[in-house]
Each structure stands twice: as C-alpha cells, then as structure tokens.
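Report on the structure given below.
In each ligand, atom 1 is the first atom listed, and ligand 1 is the first ligand listed. Atom set for the values below is all heavy atoms of this structure, side chains included, hydrogens, waters and symmetry mates excluded.
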Amino acid sequence: MEFKHTSVLLKETIEALNIVPGGVYLDGTLGGGGHAFEVCKKLNDNGRLYGIDQDADAIKAAGKRLEVFGEKAVIIRDNYCNAREVLREQGVEKVDGIVLDLGVSSYQLDTVERGFTYKYDTPLDMRMDQRQMLTARNIVNEYDEKMLYRVIRDYGEDQFAKNIAKHIVQARRNKPIETTFELNEVIRAAIPAKLRAAGGHPSKRTFQAIRIECNHELEVLRNTLGDLIHLLHPQGRLCIITFHSLEDRIVKSFFKEMENPCTCPPEFPVCICGKLPYGRVVTRKPVLPSQEELEVNSRSKSAKLRVFERI
Ligand SMILES: C[S@@+](CC[C@H](N)C(=O)[O-])C[C@H]1O[C@@H](n2cnc3c(N)ncnc32)[C@H](O)[C@@H]1O
C-alpha cells in the first residue's frame, strides 16, 4: 500500500522553526517525512535533519521521500523518548530545532491490518512499533475491569467508560475479543440507545483510549519533553502539533512551567528558589489550521501547534 499522509500545519511549523541553513534539526515523529522534507529543502550542505520514527513502514516511506537530500537526512528507527541517546550516538549534543507531530499517520489509520480503525473488521492491534509485544488485543482481553475503566475514562474521556469496561469483561468471559468489529459490538451495547447517535461513532473514544494506552503515548510525551528542551541550542525552537486535549494540556502546562519554573510563593517580593526560565512560549495561543487547510484535510480539524524558544 502506498504511504499516504497529508502533513498538518506544514507551512506554520516550518515558519515557526526559524530554520538556519547550516543548522541541525530533529523530527521525532518522521512519518512520511512531510515536515522533514520541507526542513531539508532549507538546509545547506552543512545542515542536517535527524528523523526518528518507531514504525518500520514510516521509516521506509520517509527513506524514499528524503533520498534526494543524500547525507543531509539521517533516518533512525526508534522511539523519540530515546532522542537524546540516539543523537549522541550520531555525535550530536544539541540541535537548532525540533518537530513533534504527534499521534498516528493517516497511513497507519488507513492500513486496515494495523488494527487502528473501528471502520473495518480486522484483528485488534494498534501498535505503532510492530516490534512491541503489547497489542490492543492484550489490553482488551487481559486488563482487569478497573484498569480498563481508567484507560477509557482517562484517555478516551468517555462518559460511559464504566459500563464499557463492564461489558468488555462480561463479553470476554465467553470468548476472547479478537477483532475491531467484535469490540464495536460490545461498546455499542454498553451505550444507551438514545445517546448513541450523539458524539460521533460510539467506538471513537474507546479506540482512541486503547491506542494511547497501547503506545504509551502520554507517558512518552510527558517524560521526554524535558530532554527535548535540554537538546536545544539558545534560540532553538521546539514545535509540537497535538491532536487531542490530553496531549495539548501536557504541552501547554510544560511550556508554561519552563517559561516560569520559579516555585516561590507569589507574595515573595524576590525569587529565592533560584529556578530560572529556560526560554519563552512563542505561541500564547496555539496555532490552528486555516480554513483552507480544514477544507482539504479534515484530519487537521483537532490539530494545535505550540512553540517554545530556548534562551
Ligand atoms: C502524524 S505522523 C507524522 C507525519 C509527518 N510529520 C509527515 O508530515 O509526514 C506521526 C508519526 O509519529 C510516529 N510516532 C508516534 N509516536 C512516536 C514515538 N513515541 N516515537 C517515534 N515515533 C512515533 C508514528 O509512528 C507516525 O509515523
């Protein structure tokens, strides 16, 4: 299958990066290489783009797309949580800019056998990194009811989380839940008929929750932001595109804390904690897709770009 993915907030992200032609850049979520391609276009022979993705298909697609740039583009299959070590192995201690375009690519969603979609019947999988052991099938069949409830409540923000978890546990007593359509049926039955029509497909939130859990998406983001800030040269920029409020909240509050890490009580006339700002938030409000982009790419609907600049 051809790798199809339309890059979101492309122009805005490239502008926000303030690219220096001889600089070093990191794309931690390379995907099809759409953002990386535009970065490479702006680099001279001394410039470098390091692209990381954990998905073998993305690595292959980006490799092809960025081939024209030769040594300028270095592609590595890994999790961006290891960015610091990965770059160190390449002899890189600091970079001039970082892009994270979070979540899954359209290619991953549209490749039925990857098991991300509730729209087609396929075995439950949802791994971005095909080498990983944990799959959506394990989560659905092996987590206890309380854990399932927490995952669906916290990562899906589904008001019927408790009932969905209960129905999953009941259904799997007879036989394991193996496919996306089997899971759809269980979720449908757990949501009162009257309320099913509201809020889109009944499985949407639960599938998002299981995907986030399967790929540890929020833990990875939360635990890696500090490393990314430390990787930046002064004036280097960290650009992050999020696709749901859970991710956006993490980025927004982290940026705020990095801008003002002082922990002194507000009534203190001067700071005594000694914690100094790491930089400034460039985007007071997140950058959103233009009307034009929304018209051509419905998947950009929930995208938000936030940018931080290192001192
Ligand atoms: C939205 S796509 C990126 C698309 C890309 N910016 C483009 O324009 O083609 C997100 C990509 O990030 C990858 N990804 C998500 N979380 C990751 C992580 N923690 N480590 C490495 N790759 C990750 C996914 O496998 C997917 O290919």
| Judged by non-hydrogen atoms, does Asp78 sit under 4.0 Å from ligand 1? | yes
| task | Could you see which bit of Val104 sits under 4.0 Å from ligand 1, with heavy atoms only: side chain, backbone, both or neither? | result | backbone
| remark: The closest protein heavy-atom partner of atom 12 (O) of ligand 1 is Thr29 CB, 3.2 Å
| Heavy-atom contacts under 4.0 Å between Asp101 and ligand 1: side chain, backbone, both, or neither? | both
| query | Salt bridge check: are Arg88 and Glu93 linked by an N-O gap of less than 4.0 Å? | reply | yes
| note | The protein heavy atom nearest to atom 5 (C) of ligand 1 is Leu30 O, 3.3 Å
| In terms of atom number and element, which parts of ligand 1 are under 4.0 angstrom from non-hydrogen atoms of Met128? | 14 (N), 15 (C), 16 (N), 24 (C), 25 (O)
| request: Check Asp129 against ligand 1 and report side chain, backbone, both or neither, counting heavy atoms closer than 4.0 Å. | output: neither
| message | Check this for me - ligand 1, Ile52, N or O atoms closer than 3.5 angstrom, yes or no? | response | no
| said: Under a 4.0 Å threshold between the charged nitrogen and the carboxylate oxygen, would Glu217 count as salt-bridged to Arg211? | reply: yes
| said: Quick check: Gln54 and ligand 1, any N/O pair under 3.5 Å apart? | reply: yes
| message | For a quick check under 3.5 Å, do Thr29 and Asp101 share a side-chain donor-acceptor pair by atom type? | response | no
| remark: Quick note on ligand 1: atoms under 4.0 Å from a heavy atom of Ser7 include exactly 7 (C), 8 (O), 9 (O)
| request: Answer side chain, backbone, both or neither: which part of His5 comes under 4.0 Å from ligand 1, heavy atoms only. | output: side chain
| query | Which is it for Val8 and ligand 1 at heavy atoms under 4.0 Å: side chain, backbone, both or neither? | reply | neither
| field | Check: Gln108 N/O within less than 3.5 Å of ligand 1 N/O | value | yes
| message | If you take the centroid of each ring, where Trp contributes its six-membered ring, are Phe37 and Phe69 closer together than 6.0 Å? | response | yes
| remark: Among Thr13, Asn82, Asp53, the residue with a heavy atom nearest to atom 24 (C) of ligand 1 is Asp53
| message | Using a 4.0 Å heavy-atom cut-off, which part of Glu217 comes near ligand 1: side chain, backbone, both, or neither? | response | neither
| Hey, is Asn215 one of the residues with a heavy atom under 4.0 angstrom from ligand 1? | no
| Residue-ligand contact Ala36/ligand 1, heavy atom below 4.0 Å | no
| remark: Numbered in order shown, the ligand 1 atoms found under 4.0 Å of a heavy atom of Gly32 are 9 (O)
| task | Answer yes when Asp57 and Arg114 have at least one side-chain N-carboxylate O distance shorter than 4.0 Å, and no when they do not. | result | yes
| message | I'd like to know if Glu309 pairs up with Arg280 as an ion pair, taking the criterion as any Lys NZ or Arg NE/NH1/NH2 lying under 4.0 Å from an Asp or Glu carboxylate oxygen. | response | yes
| query | Hey, which atoms in ligand 1 end up nearer than 4.0 Å to a heavy atom of Val220? | reply | 19 (N)
| request: Taking only Lys NZ, Arg NE, NH1 and NH2, and the carboxylate oxygens of Asp or Glu, determine whether Asp110 and Lys119 approach each other closer than 4.0 Å. | output: no
| field | Cation over ring face, Arg153 and Tyr149, 6.0 Å, 45° | value | yes
| field | Side-chain donor/acceptor of Asn141 to backbone N/O of Arg137, under 3.5 Å | value | yes
| request: Ignoring angles and geometry beyond distance, decide whether Ala58 reaches within less than 3.5 Å of ligand 1 through its nitrogen or oxygen atoms. | output: no
| request: Please report which non-hydrogen protein atom sits nearest to atom 19 (N) of ligand 1, along with the residue it belongs to and the distance in Å to one decimal place. | output: Asn79 OD1, 2.9 Å
| Side chains of Arg299 and Ser106: donor-acceptor distance under 3.5 Å anywhere? | yes
| request: May I ask you to test the Thr180-Leu124 pair for a side-chain heavy-atom distance under 4.5 Å? | output: yes
| Side-chain donor-acceptor contact under 3.5 Å, Tyr143 with Glu213 | yes
| field | Modelled atom types, side-chain donor and acceptor of Glu293 and Asn297, under 3.5 Å | value | no
| said: Show me which atoms of ligand 1 lie under 4.0 Å from any heavy atom of Gly28. | reply: 21 (C), 22 (N)
| query | With the threshold set at 4.0 Å, does a side-chain nitrogen-carboxylate oxygen contact exist between Asp55 and Arg127? | reply | no
| request: State, with a plain yes or no, whether a side-chain heavy atom of Pro277 is found less than 4.5 Å away from one of Glu259. | output: no
| message | Is there a polar contact between ligand 1 and Tyr80, counting only N or O atoms under 3.5 Å apart? | response | yes
| remark: Near Gly103 (heavy-atom distance under 4.0 Å), the atoms of ligand 1 are 10 (C), 11 (C), 12 (O), 15 (C), 24 (C), 26 (C)
| query | Which one holds for Leu10 and ligand 1: side chain close, backbone close, both close, or neither close, with close meaning a heavy atom under 4.0 Å? | reply | neither
| message | If the cut-off is 4.0 Å to any non-hydrogen atom of Gly34, which atoms of ligand 1 fall inside it? | response | 7 (C), 8 (O), 9 (O)
| said: Using a 4.0 Å cutoff against the non-hydrogen atoms of Leu102, which atoms of ligand 1 qualify? | reply: 1 (C)
| When the aromatic ring centroids of His230 and Tyr278 are compared, is their separation below 6.0 Å? | yes
